[in-house]
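What follows is one structure encoded as structure tokens, with my remarks underneath.
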Amino acid sequence: MKLKKMMHISILSGLSLIIYVIESQIPPIVPVAGVKLGLANAVTLYAKVTMGARSALLVLLMKIFLGNLFTGTAVSLFYSLCGGILCFMAEIIMFRLVDDIKQMWAVSITGAIFHNIGQVIAATVLMGTDKIMWYLTVLIPVGIITGTFTGLVATYTLRAMTNKR
Amino acid sequence: MTNKKLIVIFTCVFFAFIILAIILSNIQPDERIAVVTVDGKVYKEVDLSVDDTFVVETSKGTNEVRIKDNAIYVEEASCPDKLCVRHGKLNNKYDSIVCLPNKVVIEYKTAPDIDAVVGR
Ligand SMILES: [Zn+2]
């Protein structure tokens, strides 16, 4: 890996980590564990567009592991991993389905929905009750709203960055 | 996919789930009996017609549960997130009060299924 790319990944990981830590201090909108705005996902999307899927995955994993080292527990690590990986896979598929990079909001929404589905699956596994599934009726609409927001953040950041070059 | 298509898809999904949430949240249980489980195992079954306060003690911490006026809620908890307290009352058949750090779940009792029979 080139030094420049490594630095780029490190900076984005750091940025995503800061957003993640700040976000974990904000009380969740719904009284369901793990429901976050997922703003750090904007950084992952940015990384995917500028450096490709592998680098974006690295940024995501760095955020999850370091973020939980700072603020979480082994349990929250499991949550973040389930949500994060499912979100990432959904986004990679979605990137192929959209025609244009301007449709990143759609990618982001899909990611947010699957992030929440992943967390509910994690909760179901951990708690041994499928009753938590009911929360999806709330978490999917919430994911659509937060996903739109993070998608727009990523789009505008990307536009601002590419215009400067 | 065109923008229009995508917007239609997400709008439909959004409202479909909102409607589903509204419908489900209005369904009340047949019997007002709640089950408290710790780490997937039944800890206590309580009748909500009798006012009561008890403490659920787990290896991870404690949750003080209160039953008042046919409703059940967590009054106090040792967990760091306090989401179980913020949840408030159990308000429909599908609702559950979850304390992830303490692995405590409070939900309405459902008709006995195979799981419950095998589990005992
Ligand atoms: Zn709790």
Side-chain angles (χ1 to χ4, degrees), chain A residues 24-35 71-76 78-79 94-100 102-110 112-113 116-117 119-120 122-148 151, chain B residues 1-25 27 35 37-42 60 73-74 79-88 90-110 113 115 119:
Chain A
S24 68
Q25 305 305 313
I26 304 169
I29 324 148
V30 211
V32 185
V35 183
T71 62
T73 57
V75 175
S76 64
F78 180 61
Y79 269 80
M94 204 57 192
F95 262 116
R96 293 186 181 189
L97 293 177
V98 297
D99 324 308
D100 192 275
K102 278 183 200 138
Q103 291 175 328
M104 199 136 78
W105 56 271
V107 176
S108 173
I109 289 175
T110 313
I113 292 173
N116 292 348
I117 292 176
Q119 295 206 320
V120 169
T124 307
V125 170
L126 279 181
M127 309 292 302
T129 173
D130 52 11
K131 277 241 181 157
I132 304 171
M133 290 284 180
W134 130 263
Y135 282 139
L136 277 180
T137 59
V138 181
L139 288 181
I140 289 175
V142 168
I144 293 177
I145 296 167
T146 59
T148 309
Chain B
M1 267 193 267
T2 59
N3 266 334
K4 208 173 165 187
K5 232 186 204 167
L6 288 167
I7 291 171
V8 169
I9 292 172
F10 289 123
T11 312
C12 287
V13 172
F14 184 83
F15 286 107
F17 276 95
I18 295 274
I19 291 165
L20 189 64
I22 293 169
I23 293 170
L24 289 181
S25 65
I27 301 175
V35 185
T37 53
V38 178
D39 204 0
K41 294 183 191 74
V42 177
K60 307 273 195 273
Y73 57 94
V74 177
C79 59
D81 58 19
K82 302 276 185 275
L83 287 176
C84 48
V85 180
R86 282 192 38 181
H87 181 284
L90 206 55
N91 62 40
N92 66 69
K93 190 178 176 179
Y94 304 96
D95 198 10
S96 53
I97 301 173
V98 177
C99 182
L100 271 174
N102 295 351
K103 293 199 162 195
V104 174
V105 180
I106 301 170
E107 54 196 15
Y108 279 114
K109 191 181 180 177
T110 44
D113 54 17
D115 268 60

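Residue numbering restarts at 1 for every chain, and letters A, B, ... go by the order of the sequence lines.
Annotation: maximal heavy-atom pairing with chain A below 4.5 Å, among B:G40, B:A16, B:A21, occurs at B:A21. Interface summary for chain A: among B:N3, B:L24, B:L20, the most heavy-atom pairs under 4.5 angstrom belong to B:N3. No other option in A:V98, A:I109, A:T137, A:D100 has as many heavy-atom pairs under 4.5 Å with chain B as A:T137.
Residue-environment remark: NZ (B:K60) stays at or below the threshold of 12 foreign heavy atoms within 6.0 Å.
In this structure, the side chain of B:T2 engages the main chain of B:K5 through a donor-acceptor pair within 3.5 Å. Without hydrogens or angle criteria, A:Q103 side chain to B:M1 main chain gives a donor-acceptor distance under 3.5 Å. A donor-acceptor pair under 3.5 Å is formed between the side chain of A:S108 and the backbone N or O of A:G147. The backbone N or O of B:I27 sits nowhere less than 3.5 Å from a side-chain atom of B:N92 that would complete a donor-acceptor pair.
Within the 4.5 angstrom heavy-atom criterion, no atom of B:I22 approaches chain A. For a residue to count as touching a neighbouring chain, one of its non-hydrogen atoms must lie under 4.5 Å from one of that chain's; by this rule B:V104 touches chain A with the backbone only. Of the atoms belonging to B:S25, heavy atoms from both backbone and side chain fall under 4.5 Å from chain A. Heavy atoms closer than 4.5 Å to chain B are found in both the backbone and the side chain of A:L97. Of the two parts of B:D95, the backbone and the side chain both hold a non-hydrogen atom closer than 4.5 Å to a non-hydrogen atom of chain A.
Taking 4.5 Å as the limit, every side-chain heavy atom of B:L100 sits out of range of all side-chain heavy atoms of B:L83.
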